[in-house]
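Notes follow the structure.
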Amino acid sequence: MSVRNTEIQAIFNQVADLIEIKGENPFRIRAYREAARIIGGMSEQMAKLVQERQDLTQYRGIGKDLAEKIREIVETGGLNFLDELKADLPQSLLEILAIPELGPKKVAALYHKLGVTTVEELKTAAENGKIAQLDGFGSKSQEKILKSLDQFKKKSAKRMLLAEAEPVAAALEAYMKAQEGIKQASIAGSFRRGKETVGDLDLLATCRRGYENQLMKAFVAFEDVARVDAQGRSKSSVHLRSGLQVDLRIVPQLSYGAALHYFTGSKAHNVAVRKLAMEKGLKINEYGVYQDDKRIAGETEPAVYDAAGLCYIEPELRENMGEIESARVGALPELIKISDIRGDLHAHTRRTDGTGSLEKMAEAAGKYGYEYLAITEHSQKVAVAGGLNEKQVREHLADIDRVNEKINGIRLLKGMEVDIRSDGSLDLADSVLKELDLTVCSVHYHQGLASDKQTERVIRAMDNPWFKILGHPSGRLINRREPMAIDLEAIIEAAGQRGVIIELNAQPDRLDLAHNYCKTAVERGVKLAISTDAHSPGNLKLMRNGVIEARRGWVRCADVINTLGLKTLLQALNRD
DNA sequence: GCCGTTTTCGGCCCGACTGTTTTCAGTCG
């Protein structure tokens, strides 16, 4: 169980990169990338499937050959084929390939003709004017490479958190909408799909006839633009000061739906929809759906789906991870909405590491129309956050009683975020836990245990009947910390058997339980709690981010316990 | 390398922008 899906994914992507530099059959390259994508998005661990001798070719995109290679990776931790490729081509070429402007053909040319194998050698060659002399390159490409190298050093191309991109996107959208002649403007791309992180923003617009050039000019003149990468009649591309790349496309009104679909992606989703359309003798591009060069749809997205024989698919589902098959038979779930949420089940106050008082937290929750807010302070073991011992817990509970008597319209629930100790015991005695309305139990320390030990630890903790909600199950911090080694499949299974609820922590850098596991939980009938883990009154607004992640995980209203009214919620929290 | 109500071969999504290639290849999304 040691090799993870993400490692298999990385190996296949490396193979794809290397054989692309070698100039192999493009479809072979695509097959590796597609398999990498599928494996990366799966919640089942390949290592486990291999162990159970399951037939891996049952998964789309994995045939006989790749199934065999997966088995080799799981059993040996490596891949002979990749080692051979690396012996043939320097691995450092992969770094060069990551530089914008440089694709496989150019990397291969630089390597074969100039002997460039590292980023440093590339820089030297560019500075000495060697690159401009190469066939297929010129002085402009040499300049661009130097510029890209500069950028490349500054930021190692980290994707921005969705929540960080939101204000940028909103400002840009508002700016464009204020321009003369504009009709519509919206952000498409992974931003619209609600991905945890975004690499760039895709802005789509329609305008009155004749305003295209003026709009492009206004776009590249946006105050936050640091440099202009390309500027054409229908497409322009810029980098903002934050490092975020933004593309603007101006499309005809009649193509707006088709373009929105096209630029929302994902690429894999689009390819699959186009393939379906092809089977019906139709052609789909960003301008519309065509039958024998005659446009039959394109102004709206639903019409594009309809033409392909599909019902409308929400952007969050567009990953080609089963949504198309479901849409064909009209079996898509009705996804949860932010308005379904009736309370928040994980929040801290200044009694531990939050900043607000009980009253302020209740007041803020009231603004969202919530019926309840659980105050879940840290337990004693989490000393850095001022965790509470048994005596302090009792004071905390008495405080909540006092505040509940004063406030109207919302009920503060008595909770604790109880640390799961490394032996699987809980950080507070049952005699205290039974006085609470609920517990959120989380791992904070010893996140580095081996997978089987970590899994065992959490399952043992769940055996305690006062364990209600498993908090931030993987411990991941997006862009900062990898998820713990833990068998979340087994955890979900165990939660189902014990009536334990799993949290989807809505902090923008957590979003934990991740969407692919949310989907697994829903399939197994395990209930989720979408919680903000708010450390201030303002943090309660993060619920939105949690709901978006849940939607990406095919979660419906009925799968989430904090869509219940207070009375039914309290019943649902009773395990048995 | 995958896939199949055209099933073991022959397909595999499509277009914009850039630079330098005077007619298009490479890159990107």
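Protein chains get the first letters and strands the later ones, always in sequence-line order, with residue 1 at the start of each.
- The side chain of A/Asp202 has B/dG29 as its nearest neighbour among B/dC2, B/dA16, B/dG29.
- Between B/dC13 and A/Arg274, no contact under 4.0 Å exists linking OP1 or OP2 to a side-chain N or O.
- A donor-acceptor pair shorter than 3.5 Å cannot be found between the side chains of A/Tyr256 and A/Gln184.
- Between A/Arg30 atom CZ and B/dC3 atom P the separation is 13 Å, expressed in whole Å.
- Position along DNA chain B of the nearest nucleotide to A/Leu282 versus A/Ile29 favours A/Ile29 as the more 5'-ward residue.
- Across the C1' atoms, B/dT18 and B/dT22 are found 16 Å apart, a figure rounded to whole Å.
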Side chain to side chain contact (heavy atoms under 4.5 Å, CB included) between A/Arg552 and A/Glu196, intermediate numbers included: CA-CA 10 Å; A/Arg552 286 175 59 72; A/Glu196 296 96 323; 4.1 Å; yes
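- Within 4.0 Å of A/Pro26, counting heavy atoms only, lies no atom of the nucleic acid at all.
- With A/Arg192 as the fixed residue, the salt bridge (charged side-chain N to carboxylate O under 4.0 Å, His left out) test singles out one of A/Glu166, A/Glu314, A/Glu301, A/Glu316: A/Glu301.
- Nearest nucleotide to the A/Tyr32 side chain, out of B/dC12, B/dG29, B/dG1: B/dG1.
- A/His239 has its NE2 atom 13 Å from the C1' atom of B/dG29, to the nearest Å.
- OP1 or OP2 of B/dT20 sits under 4.0 Å from a side-chain N or O of A/Ser141.
- Side-chain atoms of A/Lys106 lie closest to B/dT27 of the nucleotides B/dG29, B/dT27, B/dG15.
- Residue contacts shown for A/Leu102 are limited to sugar-phosphate atoms, with no base heavy atom under 4.0 Å away.
- Across all strands shown, A/Ser139 has heavy atoms under 4.0 Å from sugar-phosphate atoms exclusively, and none from any base.
- Listed nucleotides: B/dC17, B/dT20, B/dC2. Nearest to the side chain of A/Leu66: B/dC2.
- Going from the C1' atom of B/dC17 to that of B/dC12 covers 25 Å, rounded to whole Å.
- Going from atom CD1 of A/Ile21 over to atom C1' of B/dT27 covers 14 Å, rounded to whole Å.
- Checking side-chain atoms of A/Glu121 against main-chain N and O of A/Thr117 turns up a donor-acceptor pair under 3.5 Å.
- Interface remark: the A/Tyr287 side chain does not form any donor-acceptor pair with the B/dG15 base, using a distance-only criterion of under 3.5 Å.
- The distance between atom CD of A/Glu68 and atom C1' of B/dC2, rounded to the nearest whole Å, is 16 Å.
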Residue pair A/Gln91, A/Glu95: steps toward the side chain to side chain contact (heavy atoms under 4.5 Å, CB included) verdict: CA-CA 8 Å; A/Gln91 199 183 348; A/Glu95 260 179 73; over 6 Å; no
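- Between the side chain of A/Asn25 and the base of B/dG1 there is at least one donor-acceptor pair of N/O atoms closer than 3.5 Å.
- Residue A/Lys275 contributes atom NZ, which lies 18 Å from atom P of B/dG10 at whole-angstrom precision.
- A gap of 14 Å separates the P atoms of B/dC3 and B/dC13, to the nearest Å.
- Counting only heavy atoms from C-beta on, A/Lys267 has its side chain closest to B/dG29 among B/dT20, B/dC14, B/dG29.
- Distance from the side chain of A/Lys235 is smallest to B/dC17 among B/dC17, B/dG1, B/dG15.
- In this structure, A/Lys69 satisfies the cation-pi test against A/Phe81, with its NZ or CZ atom closer than 6.0 Å to the six-membered ring centre and inside 45 degrees of the ring normal.
- Comparing B/dG11 with B/dT6, their P atoms sit 16 Å apart, to the nearest whole Å.
- Between A/Glu101 atom CD and B/dC28 atom C1' there is a gap of 10 Å when expressed in whole angstrom units.
- Checked by atom type, the side-chain pair A/His269/A/Glu323 shows a donor-acceptor distance below 3.5 Å.
- Out of B/dC14, B/dG29, B/dG1, the shortest distance to the side chain of A/Lys283 is found at B/dC14.
- Judged by distance alone, the side chain of A/Arg510 and the main-chain N or O of A/Ile478 form no donor-acceptor pair under 3.5 Å.
- Taking atom CZ of residue A/Arg233 and atom P of nucleotide B/dG15, one finds them 16 Å apart after rounding to whole Å.
- Using a 4.0 Å heavy-atom distance criterion, A/Lys105 is classed as a sugar-phosphate-only contact.
- Toward the 5′ end of DNA chain B lies the nearest nucleotide of A/Ala67, the other residue of the pair A/Ala67 and A/Gln245 mapping further downstream.
- Put simply, A/Asn285 has a side-chain N or O that comes within less than 4.0 Å of OP1 or OP2 on B/dG15.
- Within the structure, every side-chain polar atom (N or O) of A/Ser236 is placed at least 4.0 Å from both OP1 and OP2 of B/dC17.
- The separation between A/Asp135 atom CG and B/dT22 atom P is 11 Å, rounded to whole Å.
- Nucleotides B/dT8 and B/dG4, compared at atom P, are 13 Å apart to the nearest Å.
- Nucleotides B/dG15 and B/dT20, compared at atom P, are 26 Å apart to the nearest Å.
- Out of B/dT18, B/dA16, B/dC3, the shortest distance to the side chain of A/Arg60 is found at B/dC3.
- The listed nucleotides are B/dT20, B/dA16, B/dT18; the one nearest the side chain of A/Ala230 is B/dT18.
- Applying the Watson-Crick and G-U wobble criteria (two distances, each under 3.5 Å), B/dT8 pairs with nothing in any strand.
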